[in-house]
Amino acid sequence: MSKENLVLKLKLEGTDSSIAELNGQSRICNWLYNHLLQKCHELKSEFIHSGSPEASKTLYTKRGLRNALPKLKQEHPFLKVVHSSPLKNTALRLSDAIQVHQKSRKGKRKGKQVGWPKFRAWKQNWFSLFYDEPEKGFKIQDQTLVLSLGIGEDRKRRSITLNLPEAFLLKNKIVRNLRIISELGQYYAIFTIQKELPVRKSISKIIALDPNHKNLAYGVDTNGAAIEIASPKWLKNYDKRLDELKSKRDSCNKKSKKLPVTDAKGIPTGKEFYLPSKNWAKYDHALKKALRKRREQTKTFMFTSAHQLFKNYDCVGIGDYTPNGEGITTPMRRAMNNRSLNRRWKNTLAWVARKSGKTFIEFDEKGTTRTCHHCLHVVEQGIPVTLREWQCPQCQTEHIRDENAAINGLKKVLRDLPQKNEGKHPSIVSGSDLAFVKERWAWCVLPSGVFIHSRGQNGEVIRNTRKLNRGHDSPRSKADHLVMYDHV
Ligand SMILES: [Zn+2]
C-alpha cells in the first residue's frame with residue numbers, strides 16, 4: 001500500500017479576541033520577515049565589499065537566517081510571543097526566497113526570472129503561520145484547533161482556541177503539518193495529511209475520452225456506450241462578471257494617495273508608493289472574491305466529473321492532445337482557459353484514480369480523428385474542424401467525428417494498458433464490438449452534480465433526464481439544465 005500526502009483546507013472561526021490574537025502572530029512574523037530582509041540587504045553589501053564568509057553563510061545558506069533567530073529574540077523579546085515553529089519558518093521562507101532568486105539569476109531554474117525578495121505589507125497579504133512538525137504547536141480537540149503561542153511576559157505559554165467545524169474530516173488521519181492562512185477576511189487551516197492509497201483494482205470497464213473544442217470530452221466505453229461531456233458553459237457567467245468587475249475597478253483611481261516607503265525600522269527610505277482609492281479597493285475586493293468563487297466552482301466541477309467517471313469505470317483513458325487556439329484571435333482567451341482547464345482536469349482524473357485504486361492513462365491521440373475506426377483508412381488531409389460528421393471514402397461508414405476519435409482512442413487504450421500497467425496485466429473483459437455504439441448519453445457537470453441524458457441511438461435527446469450525485473446548493477431549476485443540451 002503506498003502513501004500519499006494530501007492537503008485539506010478547512011475553515012477556521014474564532015471570537016474577535018482570538019482572531020485579533022491570531023492577526024498579532026501573523027503581524028509579528030511579517031515584521032520578522034521584513035526585519036530579516038533589511039538585515040539581508042546589509043549583509044549583501046557587506047559581502048560585496050569585504051567578501052565576508054560570515055555574511056555569505058547567513059545570507060545564502062538554507063538555515064543561515066534561522067540560526068540568527070536566538071540572538072534576535074534576545075534583542076527583540078516581543079518575538080517570543082510567537083511559537084517557535086512559525087518564527088523559524090518565517091526565516092526559512094526568506095532564505096528559500098533568496099535561494100530561488102539566486103538559482104534563477106544563475107540560470108539554474110526553469111521558468112520566469114524570480115527577483116530578489118521584497119518587503120511585505122501585512123495589510124495586503126496576511127503572513128501565513130506554518131507549523132511544520134506533527135503535533136508541535138497545535139492540536140485538534142473535538143471541533144477546535146488549539147494553537148500554542150509563544151511565552152508571554154509572565155513567562156507562561158499561551159494558546160488560542162479556534163473553531164474548526166469540519167474537524168471530523170481529520171479523524172484517524174495522520175497530520176504532517178499545518179499552515180494558517182487568511183484570504184479576503186476568512187481564516188483557514190491547511191493540513192497536510194498522509195493518506196494510504198488502495199491497491200490497484202483489476203480492470204473490466206474502460207472508457208476512452210477524446211478532449212476537444214466543442215465539448216469537454218467525448219467518450220466511448222467497452223460496453224458500447226458513448227458519452228458526450230459538455231463544457232462547463234456556466235463558467236462563462238463568471239467570466240462575464242469578472243470582466244465587469246475588472247472594468248469597473250480599472251475606471252477607478254489606482255494611485256489616489258501618495259505615501260512614503262519606510263523600512264523595517266519605520267525610517268523613510270526616500271521612495272514613495274500610492275494607495276488606491278476606496279472605490280478601486282472595493283471593486284478589487286469583489287473581483288478577488290469572484291475569482292475565488294470561480295476557482296472553487298471549477299475545482300468542484302473537475303472533482304464531480306472525475307468521481308462520476310471512476311464510479312462507472314475501472315479505467316479512464318484520455319487523449320494527450322490539448323486543444324488550443326491555433327491563432328484564432330477572438331476565442332483565443334477562451335481556448336486558453338479551456339486548455340488549462342483540460343490540463344487540470346487530467347491531473348484531477350489521475351489523482352481520483354489513484355485515490356480510488358483505479359487506473360488512469362493518457363493515450364497518443366495522433367491520427368485518432370482522421371482514421372476510420374472501421375477499416376483503418378486514413379484521410380491524409382485530415383477532417384476539417386467544422387465537420388462534425390463525415391463518411392469514410394473507403395468503406396462508406398458514417399462517422400460522428402468525436403465518436404470515431406474516441407473509438408480509436410479506446411483501441412489505443414486497450415493496446416497500451418498491458419504495458420502501462422507496470423507489467424501487471426489487467427484483466428480486461430473486452431470482446432465488445434467497437435464498431436457498434438449501442439447507446440449515447442450526454443453528461444452535464446454542474447457544481448451541484450452530474451446530469452445525464454440519454455441521447456438514444458441517433459444522438460437526439462429523446463428520453464428521460466437522470467440526475468446523479470445531486471449535491472447541496474442547486475440554485476438552478478431542471479429546465480435550466482435541459483437548455484444546455486440544445487447544442488449537444
Ligand atoms: Zn472506413
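Only heavy atoms go into these numbers, but all of them, side chains included; no hydrogens, no water, no symmetry mates. Atoms within each ligand, like the ligands themselves, are counted from 1 in listed order.
Among the atoms of Cys395, an N, O or S atom falls under 2.8 Å of the Zn ion (ligand 1). The nearest N, O or S atom of His374 is not closer to the Zn ion (ligand 1) than 2.8 Å. When distances to the Zn ion (ligand 1) are checked against a cut-off of 2.8 Å, Cys372 contributes an N, O or S atom below that limit.
Rounding to the nearest 0.5 Å gives a distance of 14.0 Å between SG of Cys392 and CZ of Arg370. Distance NZ/Lys173 to CG/Leu8: 7.0 Å, rounded to 0.5 Å. Atom CZ in Phe127 sits 5.5 Å away from atom CZ in Arg120 (nearest 0.5 Å).
Defined by atom type and a distance below 3.5 Å, a donor-acceptor pair is missing between the side-chain atoms of Tyr187 and Glu13.
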